[in-house]
Amino acid sequence: MSETSAHPVRVRFAPSPTGYLHIGGARTALFTWLFAQKHNGTFILRIEDTDQKRYVPDAEEDIKQSLQWLGIRWQEGPDVGGDYGPYRQSERTDLYLEWSDWLIEHGYAYRCNCSAERLNEVREEQRKKGEQPGYDHHCRDLGLGANIGPHVVRFKMPLDGETPVEDLIRGTITFQNSELQDLVLMKSDGLPTYHLANVIDDHFMAISHITRADEWIATAPLHVQIYRAFGWEMPAIAHLPVILSPSGKGKLSKRDQAFTEGDTQVLVQVREFREAGYLPEAVVNFLTNVGWAFGDDREVFSTEEVLPRFRLEDINPAPGRLPYEKLEWLNGVYIREKLSVDELAAYLKPILEDAGLTVDDDVLRQTVPLIKERLKTLNEVVEWIGFLFRDDVHLEDPQQLIQKKMDKDGTLKALKAAYDLYAGLDDFSHESQEQAMRALADEMGLKAGQLFGTIREAITAQRVSPPLFETNEILGKDACLKRIKAAIALLES
RNA sequence: GCCCCCAUCGUCUAGAGGACCAGGACGCGGCCCUUUCAAGGCUGAAGCAGGAGUUCGAAUCUCCUUGGGGGCACCA
């Protein structure tokens, strides 16, 4: 089976609203979307909300917003509609019931009223005996009718033979039917399980290619058998590798929220990436590079550039981890190379405001070029230039003013001299400042770095900052003098 | 335990029998530039999991071992 088939390409991303959009899910969505784009196909969003127990009310909203943020748009789905709706499984229950009955009538499925307790006992017994745990076919040939009270519907899996699964990425995977289970198709609450709903929806939505995570491989033969029972043509299928936790221990999707591992902050939800100050373009570029490679030794590229090269077959079947350090670097690349000063300023303003600062647009605009090449994440802006938007600045410890190989008296002398020099400076441009201060350092027998460091601490209360004289120029002479004076007073007290 | 998938630097990867004493990127080290921090330039360390085959020749093909992952639900 090949990636291209006779049918128009129609693919779907089918998340379950049991939590916010996971970065692993986003990658599956991204690859699916890229595939659709490449083939001028249709990308469909389908909400698989058949699990009432794990349902999270605002999950669907988060999933949609997160996809939007990443730039992934769907042509059919809840809200936007389409010819194959509805696109929420909870709104398609009649369909599932109808086809479940069809399977029973035709001998491909059966009703089962075994209790949870009995099932557990059976499984425990099997485990004890070292057998494979699974349903023991108790109701398989009982021919139970609909009048038996609460019950489930199970698929009648062939007892022998084998079922091949043609995976686009891995080739043919063959399963022995004797090892497969009579899995539940309809739950006792009247809602279908994934297995049934997925097959029916993919069929009636004319899905041409199924893309989904690795973890579905084990139940893929069941799906193959269900298609066979219905007599429907099965879409091509590709199982995408899962993303592992940075430690490599287990899949990342076991975690549903950011956590810390060693000294890396491991982000998990898409919204966490946004909140951490990453640009959507950088995240998309980053994600595309895990499990797939652009080629030509290129690391930075747009989705437009990806399309001509993208093929599902080229996806690396091995599970991988997200190289978070690389995302930091990549985000920095996007900030300094892909954004204009105005665009970056627009991103930065709300972040500064959220930090409680009052932002002067002119000041921000003038400062952006100074920090553009220093930011790795948007959020770092606060620590870089927060001092520009505060009336005063507070040194936690006066000792910070004292530079290497200097003492309190020398520092005091230097600050006072700098103050006087600044006070008499008519031209406060950074060139003029630098010239004056270099001369002063020379005169006092200080290294430029020592004098500049002291002034930097006095004005920014930071050990590192954007180029000192340039931010001084933006801050203005009066404010600078005021802060130097305060620093002198602090050191003297 | 059973079934299935996978295996190139620490990490993400290029590599589809000779072009590979294995290339790139991040990270890490060094040097240069430099008012701090970045950015930039140059440079260094670092890998084909192991073992058998096949072949004139293997990172690339086969098998075994090992390791990792996934699954074994009235969850998706």
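All heavy atoms count here, side chains included; hydrogens, waters and symmetry mates do not. Just so we're on the same page: letters track the sequence lines, and every chain starts at 1.
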J.: Is the NZ or CZ atom of A:Arg298 both under 6.0 Å from the centre of the six-membered ring of A:Phe294 and within 45° of that ring's axis?
T.: yes

J.: So, is A:Arg321 near the phosphate of B:C12, with a side-chain N or O under 4.0 Å from OP1 or OP2?
T.: yes

J.: Do we get A:Arg154 above A:Tyr135's six-membered ring, with its NZ or CZ under 6.0 Å from the centre and within 45° of the axis?
T.: yes

J.: Touch check for A:Pro467, heavy atoms < 4.0 angstrom, all strands: base, sugar-phosphate only, or nothing?
T.: base

J.: Watson-Crick or G-U wobble partner for B:U66, using a 3.5 Å limit on both distances?
T.: B:A7

J.: Determine the contact category for A:Pro192: base if any of its heavy atoms lies under 4.0 Å from a base atom, sugar-phosphate if only primed atoms, P, OP1 or OP2 are that close, otherwise nothing.
T.: sugar-phosphate

J.: Rounded to whole Å, please give me the gap between CD in A:Glu325 and P in B:G27.
T.: 8 Å

J.: Just to be sure I understand the rule, does A:Pro246 reach a base, reach only the sugar-phosphate, or reach nothing, if contact means heavy atoms closer than 4.0 Å?
T.: nothing

J.: Please check if any side-chain donor atom of A:Thr163 sits under 3.5 Å from a side-chain acceptor atom of A:Asn177, or the reverse.
T.: yes

J.: Under 4.0 Å between a side-chain nitrogen and a carboxylate oxygen: does that hold for A:Lys128 and A:Glu124?
T.: no

J.: Using purine N1 to pyrimidine N3 plus N6-O4 or O6-N4 for Watson-Crick, or N1-O2 and O6-N3 for G-U wobble, each under 3.5 Å, what pairs with B:G17?
T.: none

J.: Nearest heavy atom decides the nucleotide; on that basis, is A:Ala218 or A:Gly295 closer to the 5' end of RNA chain B?
T.: A:Gly295

J.: Nearest heavy atom decides the nucleotide; on that basis, is A:Glu299 or A:Glu434 closer to the 5' end of RNA chain B?
T.: A:Glu299

J.: Does A:Arg123 reach a base, just sugar-phosphate, or nothing at all? Heavy atoms under 4.0 Å.
T.: sugar-phosphate

J.: Whole angstrom is fine here: how far is it from NE2 in A:His223 over to P in B:A76?
T.: 10 Å

J.: For B:C72, give the paired nucleotide (Watson-Crick: N1-N3 plus N6-O4 or O6-N4; G-U: N1-O2 and O6-N3; both under 3.5 Å), or none.
T.: B:G1

J.: So A:Lys372, base contact, sugar-phosphate only, or nothing? Heavy-atom distance under 4.0 Å.
T.: nothing

J.: Report the base-pairing partner of B:U35 (Watson-Crick or G-U wobble, both distances below 3.5 angstrom), or none.
T.: none

J.: Counting only Watson-Crick or G-U wobble pairs whose two distances fall under 3.5 Å, which nucleotide matches B:G53?
T.: B:C61

